[in-house]
J.: 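Just passing along the structure, written as structure tokens.
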Amino acid sequence: MSEALRVGIAGLGTVGASVARVLAEKADELTRQCGRAITVTAVSARDRTRDRGVDLSGVQWFDDPVALARETDIDVFVELMGGEDGPAKASVQAALERGKHVVTANKALLSRSGVSLAAIAEKNGVLLNYEAAVAGGIPVIKTMRESLAGNSVSRVFGILNGTCNYILTRMEAEGISFEECLADAQRLGYAEADPTFDIEGNDTAHKLSILTSLAFGTKISPDDIYLEGISNITQADIKAAAELGYRIKLLGVAQRSESGIEQRVHPTMVPTSSVIAQVHGVTNAVAIETDILGELLLSGPGAGGNATASAVIGDIADIAKSRPGFQHGPVFGRPAKELAPYKKAAMRKHEGGYFIRLTVHDRTGVFAAIAKRMAENDISLESIVQRAADPQIGDHKTVILVTHSTSEASIRKAVEAITKDGHLVDKPQVIRIERPA
């Protein structure tokens, strides 16, 4: 049997402690599966006294994760600290430059520096594995890097943030407000004390940028993503969607067009009969549309210590199974130096149409003015619903429009004109409609 694979872990929070514990508890089983033992020999964490539920008494401790990364007595450096820069980037780069394999769950780091880090890994013949960085325990990275050889991807989309999906699921199921759901998510540990990164779509955008690179062979471009979060979703939107046969999800979507690649993150209405609409709670799902296979949907736990730890351990096990002299595949599916420059596509005509909710003054001519603005921008309406005024909120009405396919620019121009006309009582709500298979 080969010598043990020596692992150093930087970051012993929920995920890092889970990884160390499972590696110890499943040692015999992992040895049988990998053909060699996997041993945690060194760690780096701020607090040495905290009880993490695993015996680390025989492990070497480092205060500086970069020093751990440079340690000659480890084969694999596992980065679980987080952050797109600082110690995380410095330590991962140091490990790769020293010819050590790296496993990370850090989507922020990869979305910013993934290509340059991949180049270092490929130059030194080591692995940079990051399954846990996207969709938790779902093996989407391995699927896209290894299992879809020969397939050309036309679109990849999905639910990539468990916090947002949990909030939207509860809003629909229990009829409670966004604020109430968020507070519960924080109490249960699904949302951070500062949830902005999740609810405004940034977390989804980082993950989407990585999937985009894998799907289309381009350099990662996190700053070229149309971004919109869920903080403005109300019960009025949830109920209107249900009445129209839709459910609201926060989707990340990347697709190829003749003019380039389009990346977008935003609340989306999907038909309640679609598979993606059945993904509830903190579960994630990723759909990949290809020319040979068709559409593949992967779904499973997308967040939490166990799901992320499972993906990290899977990456470590892959390294344990590799042997000296084995030629590792490229980090992003093709060599870093061959990744094409990212070319941002114009937001093209959207085939699914749009949902528009307007709260307007209840007075003569408003409805006609709205219809006029839509016509001026060549927007065809599939349906129009006008709700009676609610006595509790004053002399107002709600107008709900569902459009046929049109462009983002046309919708924005029409809504801007309606707003300037002075007919609106509240900020307009615009949500895309997708009709996935």
Side-chain angles (χ1 to χ4, degrees), residues 135 154-173 178 181 198-209 211-212 225-255 257 261-289 295 297-299 302 345 347-357 382-383 400-408 410-412 415 428-437:
S154 57
R155 181 166 75 143
V156 58
F157 67 95
I159 297 168
L160 301 174
N161 184 271
T163 300
C164 291
N165 205 44
Y166 170 83
I167 290 171
L168 292 172
T169 298
R170 284 201 60 195
M171 285 180 71
E172 180 187 10
F178 170 84
C181 287
D198 288 320
I199 64 174
E200 297 304 336
N202 302 90
D203 176 76
T204 297
H206 281 160
K207 296 170 183 175
L208 181 67
S209 69
L211 293 180
T212 300
I225 299 178
Y226 173 84
L227 188 61
E228 188 180 330
I230 66 167
S231 57
N232 64 338
I233 299 296
T234 67
Q235 272 299 320
D237 301 319
I238 298 287
K239 292 174 181 176
E243 291 174 7
L244 293 166
Y246 296 102
R247 183 167 285 144
I248 299 176
K249 298 292 183 183
L250 182 75
L251 293 188
V253 182
Q255 57 190 21
S257 70
I261 295 169
E262 177 183 330
Q263 296 184 98
R264 46 190 168 87
V265 173
H266 50 72
T268 309
M269 287 192 177
V270 295
T272 53
S273 59
S274 64
V275 177
I276 203 82
Q278 311 310 315
V279 179
H280 302 303
V282 294
T283 304
N284 281 194
V286 181
I288 309 163
E289 295 179 358
E295 182 174 311
L297 181 72
L298 304 171
S299 179
M347 293 288 271
R348 62 182 179 175
K349 188 174 184 179
H350 178 59
E351 298 302 326
Y354 288 81
F355 163 93
I356 304 169
R357 176 176 56 80
E382 180 179 306
S383 66
I400 294 172
L401 312 172
V402 176
T403 79
H404 289 291
S405 60
T406 186
S407 69
E408 181 87 14
S410 295
I411 289 291
R412 298 299 172 186
V415 171
Q429 178 69 287
V430 178
I431 303 175
R432 282 176 172 242
I433 298 173
E434 299 271 358
R435 294 186 173 93

J.: Excluding sequence neighbours, so at least two apart, what forms side-chain contact (heavy atoms from CB on, under 4.5 Å) with A205?
T.: I225, L227, V265

J.: Taking only residues two or more places apart in sequence or in another chain, which ones pass side-chain contact (heavy atoms from CB on, under 4.5 Å) with T234?
T.: A236, D237, R357

J.: For residues 238-250, which residue pairs pass the side chain to side chain donor-acceptor pair (under 3.5 Å) check, not counting sequence neighbours?
T.: N165-K249, E172-R247, E243-R387, Y246-R435

J.: Could you list the residues that satisfy side chain to side chain donor-acceptor pair (under 3.5 Å) with T268, not counting sequence neighbours?
T.: H266

J.: Do E200 and S231 have a side chain donor and acceptor closer than 3.5 Å?
T.: yes

J.: Give, for atom CG of L244 and atom CZ of F355, the distance between the pair rounded to the nearest 0.5 Å.
T.: 7.0 Å

J.: Are the side chain of S299 and the backbone of A285 linked by a donor-acceptor contact shorter than 3.5 Å?
T.: no

J.: Going by side-chain contact (heavy atoms from CB on, under 4.5 Å), name the residues that satisfy it together with A254, two or more places apart in sequence or in a different chain.
T.: V156, L208, T212, F216, Q263

J.: Are the side chains of V286 and L211 in touch, meaning some heavy atoms are under 4.5 Å apart?
T.: yes

J.: Check salt bridge (Lys or Arg N to Asp or Glu O under 4.0 Å) between R170 and all other residues, then give those that pass, not counting sequence neighbours.
T.: E174, D184

J.: Not counting sequence neighbours, which residues clear side-chain contact (heavy atoms from CB on, under 4.5 Å) with V253? List them please.
T.: R155, F157, L251, Q255, R264, E434

J.: Could you tell me if the side chain of I159 sits less than 4.5 Å from the side chain of L250, heavy atoms only?
T.: no

J.: Please determine whether side-chain contact (heavy atoms from CB on, under 4.5 Å) holds for the pair L160 and D203, giving the CA-CA distance in whole Å, both sets of side-chain angles, and the decisive distance to 0.1 Å.
T.: CA-CA 8 Å; L160 301 174; D203 176 76; 5.8 Å; no

J.: Which heavy atom of M171 sits nearest a heavy atom of C181, and at what distance?
T.: CG-SG, 3.5 Å

J.: How long is the gap from CD1 on I238 to CD1 on I248, to the nearest 0.5 Å?
T.: 4.0 Å

J.: Just checking, is any N or O donor in the side chain of E408 or Y354 under 3.5 Å from an acceptor N or O on the other one?
T.: yes

J.: What's the separation between atom SG in C164 and atom CD1 in I233, rounded to the nearest 0.5 Å?
T.: 10.0 Å

J.: Of all heavy-atom pairs between S257 and A345, which one has the smallest distance, and what is that distance?
T.: OG-CB, 3.4 Å

J.: Among all residues two or more places apart in sequence or in another chain, which pass the side chain to side chain donor-acceptor pair (under 3.5 Å) test with S410?
T.: S407

J.: Tell me the side chain to side chain donor-acceptor pair (under 3.5 Å) pairs involving residues 275-284, sequence neighbours left out?
T.: none

J.: Sequence neighbours excluded, which residues qualify as side chain to side chain donor-acceptor pair (under 3.5 Å) partners of D198?
T.: N161

J.: Within the structure provided, determine whether I356 and I431 are in side-chain contact (heavy-atom separation under 4.5 Å).
T.: no

J.: Quick one, V282 with T163, criterion side-chain contact (heavy atoms from CB on, under 4.5 Å). Give me CA distance, side-chain angles, the key distance, then yes/no.
T.: CA-CA 6 Å; V282 294; T163 300; over 6 Å; no

J.: Going from CD on E289 to CD on E295, what distance comes out if it is rounded to the nearest 0.5 angstrom?
T.: 5.0 Å

